[in-house]
K.L.:
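Have a look at this one before I ask anything.
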Amino acid sequence: MAEIPIIWILGGPGCGKGTQCAKIVEKYGFTHLSSGDLLRNEVASGSDKGRQLQAVMSSGGLVSNEEVLSLLNDAVNRAKGGSKGFLIDGYPREKTQGVAFEERIGPADLALYFDCSEDTMLKRILARAAAAAVKRSDDNEETIRARLQTFKQNTSAILELYADKTLTINAERDVDDIFQEVVQAIDCVLKKKAKIAAHC
């Protein structure tokens, strides 16, 4: 795994992470793993584990770290043979998750934190929910506010612990302006990794 970049994508719900991940995948061909999508896929499978996860997610709570890490680890192992890099979207959500991820899967090379105000995130999520053909059970204002509060409490500890590898990006700007900053950061990581590989 050492030669394949691992990038954590951090930011509250509705901060625009998904849009930026799609652009990164298009430009670099990285594998995008969203902890939320992995959880929702497990719920949709109708498994016993999926039903337990559904109960937690519907109440706005956080699924246990072991469950999420297990889903992520399986997904990374499935893709790593042909992957150019990994975007780990929406994880870690608290600092102990970051430590566990690096121990079990591998060290992150970069954490991109998309910084966005609570009001902006709330407006974006409600707009997305109103436009969606399929309604997500966790897209109502009460649950969203609970998610944003949980997110805010946990994020400052993550940013503090990983300050040396975190780039905070103002996510209230134009999508392309944000992406320009993302590209600079990823190109820097790729250059560093190429240098290390050349010395091996």
K.L.:
Throw together a table of side-chain donor-acceptor distances under 3.5 angstrom for residues 68-78, partners on residues two or more places apart or in other chains.
P.N.:
unit_1: Asn77; atom_1: OD1; unit_2: Lys80; atom_2: NZ; d: 3.2
unit_1: Asn77; atom_1: ND2; unit_2: Asn73; atom_2: O; d: 3.2

K.L.:
Can you measure from NZ (Lys165) to CD1 (Ile7) and round to the nearest 0.5 angstrom?
P.N.:
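With rounding to 0.5 Å, NZ (Lys165) is 11.5 Å from CD1 (Ile7).
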
K.L.:
What do you reckon, is CD of Glu172 surrounded by more than 12 foreign heavy atoms closer than 6.0 Å?
P.N.:
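Result for CD/Glu172: enclosed.
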
K.L.:
Please tabulate, for the side chains in residues 8-21, all donor-acceptor contacts under 3.5 angstrom to protein atoms that are two or more places apart in sequence or on a different chain.
P.N.:
unit_1: Lys17; atom_1: NZ; unit_2: Gly11; atom_2: O; d: 3.0
unit_1: Gln20; atom_1: NE2; unit_2: Val175; atom_2: O; d: 3.2

K.L.:
Who passes side-chain contact (heavy atoms from CB on, under 4.5 Å) against Gln54, sequence neighbours left out?
P.N.:
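Result, side-chain contact (heavy atoms from CB on, under 4.5 Å) vs Gln54: Val43, Ser58, Ser137.
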
K.L.:
Hey, any chance Ile88 and Tyr113 share a hydrophobic cluster, counting ILVMFWY side chains that come within less than 4.5 Å of each other, even indirectly?
P.N.:
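Yes, one cluster joins them.
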
K.L.:
So how far is it from Leu126 CG to Met121 CE, rounded to the nearest 0.5 Å?
P.N.:
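Separation between the atoms: 12.5 Å.
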
K.L.:
Please determine whether the number of non-hydrogen atoms from other residues, nucleotides or ligands lying under 6.0 Å from atom NZ of Lys23 exceeds 12.
P.N.:
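Counting neighbours around NZ of Lys23, more than 12 heavy atoms of other residues, nucleotides or ligands fall under 6.0 Å, so yes.
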
K.L.:
Is there a path of hydrophobic side-chain contacts, each under 4.5 Å between heavy atoms of I/L/V/M/F/W/Y residues, joining Leu110 to Leu159?
P.N.:
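No, no single cluster joins them.
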
K.L.:
For a side-chain contact (heavy atoms from CB on, under 4.5 Å) check, start with the C-alpha distance between Asp174 and Ile178, then their side-chain angles and the critical distance, and finish with the verdict.
P.N.:
CA-CA 6 Å; Asp174 179 75; Ile178 296 168; over 6 Å; no

K.L.:
Is there a path from Leu87 to Tyr91 through hydrophobic residues (I, L, V, M, F, W, Y) whose side chains come within less than 4.5 Å of each other?
P.N.:
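No; Tyr91 is not reachable from Leu87 via cluster members.
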
K.L.:
Does Lys49 come within less than 4.0 Å of Glu42, counting only side-chain N to carboxylate O?
P.N.:
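The answer is no: the pair does not qualify as a salt bridge.
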
K.L.:
Listing request: all ring-ring contact (aromatic ring centres under 6.0 Å, His included) pairs with a residue in residues 23-61, at least two apart in sequence or in separate chains.
P.N.:
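Pairs touching residues 23-61 that pass the test: Tyr28-Phe30.
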
K.L.:
Quick check for you: to the nearest 0.5 Å, what is the distance between Leu167 atom CG and Phe114 atom CZ?
P.N.:
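Separation between the atoms: 8.5 Å.
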
K.L.:
Is the NZ atom of Lys84 crowded by more than 12 outside heavy atoms at less than 6.0 Å?
P.N.:
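Open.
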
K.L.:
So, using side-chain contact (heavy atoms from CB on, under 4.5 Å) as the criterion, who are the partners of Asp119 when residues are at least two apart?
P.N.:
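Partners of Asp119 under the side-chain contact (heavy atoms from CB on, under 4.5 Å) test: Ser117.
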
K.L.:
Among residues two or more places apart or on two chains, list those pairs meeting salt bridge (Lys or Arg N to Asp or Glu O under 4.0 Å) that have a residue in residues 149-163.
P.N.:
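Qualifying pairs, neighbours excluded: Glu118-Lys152.
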
